[in-house]
Enquirer: 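Structure in C-alpha cells, see below.
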Protein chains: 2
Amino acid sequence: MAVGSLVPMFAALGDDTRWQILTALGEGEASASALAERLPVTRQAIAKHLAVLAEVGVVEPIRVGREVRYRVIGSQLSATAKRLDALGAEWDRRLTAIKEIAEGL
Amino acid sequence: MAVGSLVPMFAALGDDTRWQILTALGEGEASASALAERLPVTRQAIAKHLAVLAEVGVVEPIRVGREVRYRVIGSQLSATAKRLDALGAEWDRRLTAIKEIAEGL
DNA sequence: AGGATCTGCAATCCAATGGTTGCAGATACT
DNA sequence: AGTATCTGCAACCATTGGATTGCAGATCCT
C-alpha cells in the first residue's frame, strides 16, 4: 500500500493547537476570528492552521458573506484511519510470516 | 473522547524519513546501522528517528548482543487508527445533529 | 458616505527539529 | 591482546514552523 498522502495528513494532525481548533469546530462551523476569541492564539495563527488543515482536506472553508467559516470533514479522518489500520495489519501479517520462517515453520 | 496521546503519535508519523524507516522495518527487524546502509541518511539521524518512534510505542528496541534491533508494532498503528476512526465518526455525528437543529427538524 | 469588522498578505522572531560530524564506551572476532 | 564494529552522547548547523505585529482590501451596517 502506498503511504504517500498519509504523511502530510499526519503532519497536520501532529499539532496540539490544530486539535484545539478541530475540537472547537466540533461544536459547529466557525470563522478564524470566532475561533481566535476562545483559543489562546492570534487570528492569523489560526488562519495558518486552518490553511494546513484545509490542505489535507480535513476541514472545509465556507464563504458566508465577508466571513469564511470552516467545518470539519469527519469522513476524512475516518478514511485516514482506515488506511492506517490497513497498514498496521499489514505490518503484523508480514512480521508474523517472517518470524515463522525464522523459526523454520 | 480524549485526544491526548494521539498528538505525539501523529507528530511521529508525520515525517517522511520515519516512514521510510518503518517501511524498511516491515521487511524484518533491523539495527540503526543496518538501516543506515539502505537509507540516504546517517546512522545518528536514524537513531534519533527510532527514538521518537519508540517513544510513541510504534517501534520496539531489542538488544541482541552489541547491537540493538528494532521492530514495528503494527498493533499500535491499528489502535491509533481505531481512535482516529472513532473521532471521525463522532465529528460527523455531532455536526449532523447541529445541522438538523439548524434546519428546525 | 463613514465606521466597524472580517479576511489576506508580508515581514519578522524564536523555538523545535532534521541532519551532520566527531568522539568515547561497549561488545564481538581472531 | 588488538582490531573491527556497533551504540550512545554532545556540539553544531540549517531549515522549518508556530506565532506575532502591522497594514491593506473587502464587506456589512446605519
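Convention: sequence-line order gives letters A, B, ...; per-chain numbering from 1. Quantities reported herein were computed from a predicted structural model and do not represent experimental measurements.
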Enquirer: So, A:R18 side chain and A:A12 main chain: donor-acceptor pair closer than 3.5 Å or not?
Expert: yes
Enquirer: Is it true that atom CD of B:E60 has more than 12 heavy atoms of other residues, nucleotides or ligands lying nearer than 6.0 Å?
Expert: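 Result for CD/B:E60: enclosed.
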Enquirer: What integer distance in Å separates A:E29:CD from C:dC6:P?
Expert: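 Atom-to-atom, A:E29 to C:dC6, this comes out as 16 Å.
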Enquirer: Check for a donor-acceptor pair, side chain of B:W19 on one end and backbone N or O of B:L13 on the other, with a separation under 3.5 Å.
Expert: yes
Enquirer: Between A:A45 and A:G65, which has a closest nucleotide on DNA chain D that is more 5'?
Expert: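 Its nearest nucleotide being more 5', the pick is A:A45.
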Enquirer: Going by modelled atom types, is there a donor-acceptor pair between the base of C:dG25 and the side chain of B:R66 at under 3.5 Å?
Expert: no
Enquirer: Any sub-3.5 Å donor-acceptor pair from B:W91's side-chain atoms to A:L22's backbone N or O?
Expert: yes
Enquirer: Considering only side-chain heavy atoms of A:R63, which listed nucleotide, C:dG19, D:dT20, C:dG8, is closest?
Expert: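 From the listed options, C:dG8 comes nearest.
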Enquirer: Using OP1 and OP2 only, check whether a side-chain N or O of A:R18 sits under 4.0 Å from D:dG18.
Expert: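 So the side-chain polar atoms of A:R18 do come within 4.0 Å of the phosphate oxygens OP1 or OP2 of D:dG18, strictly under.
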Enquirer: Of the options C:dG8, D:dT7, C:dC6, whose atoms approach the side-chain atoms of A:S33 most closely?
Expert: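 Among the listed nucleotides, the one closest to the side chain of A:S33 is C:dC6.
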Enquirer: Expressed as a whole number of angstroms, how long is the span from B:R69:CZ to C:dT27:C1'?
Expert: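 Distance check: B:R69 CZ to C:dT27 C1' gives 14 Å.
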Enquirer: Whether B:T42 contacts C:dT20 is assessed here as follows: a side-chain N or O lying under 4.0 Å from the phosphate OP1 or OP2. Is that the case?
Expert: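 Yes, B:T42 has a side-chain N/O under 4.0 Å of OP1/OP2 on C:dT20.
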Enquirer: Quick one: B:L13 CG to C:dG18 P, roughly how many Å, whole number?
Expert: 12 Å
Enquirer: Rounded to whole angstroms, how far apart are CD1 on A:I46 and C1' on C:dC6?
Expert: 14 Å
Enquirer: Checking contacts here: which listed nucleotide (D:dT7, D:dG18, C:dG8) is nearest the side-chain heavy atoms of A:D15?
Expert: D:dG18
Enquirer: Output the rounded distance in Å from CG (A:L50) to C1' (D:dA19).
Expert: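 To the nearest whole Å, that distance equals 14 Å.
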Enquirer: Could you state the OH-C1' distance from B:Y70 to D:dG8, rounded to the nearest angstrom?
Expert: 10 Å
Enquirer: OP1 or OP2 of C:dT17 less than 4.0 angstrom from a side-chain nitrogen or oxygen of B:H49, does that happen here?
Expert: no
Enquirer: Any N or O donor-acceptor pair under 3.5 Å from the base of D:dG17 to the side chain of A:K48?
Expert: no
Enquirer: Give the rounded distance in Å between these two atoms: CD of A:E67 and P of C:dA4.
Expert: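 Checked: the CD to P distance equals 19 Å.
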Enquirer: With a 4.5 Å limit on heavy-atom distance, are the side chains of A:L25 and A:L50 in contact?
Expert: yes
Enquirer: In whole angstrom, give the distance that lies between atom CD1 of B:I21 and atom P of C:dG18.
Expert: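 Rounded to the whole Å, the gap is 10 Å.
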Enquirer: Does the base of C:dG22 carry an N or O that pairs as donor and acceptor with the side chain of B:Q44 under 3.5 Å?
Expert: yes
Enquirer: So, is B:S31 close to the D:dT7 phosphate, meaning a side-chain N or O under 4.0 Å from OP1 or OP2?
Expert: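 Answer is yes, contact under 4.0 Å.
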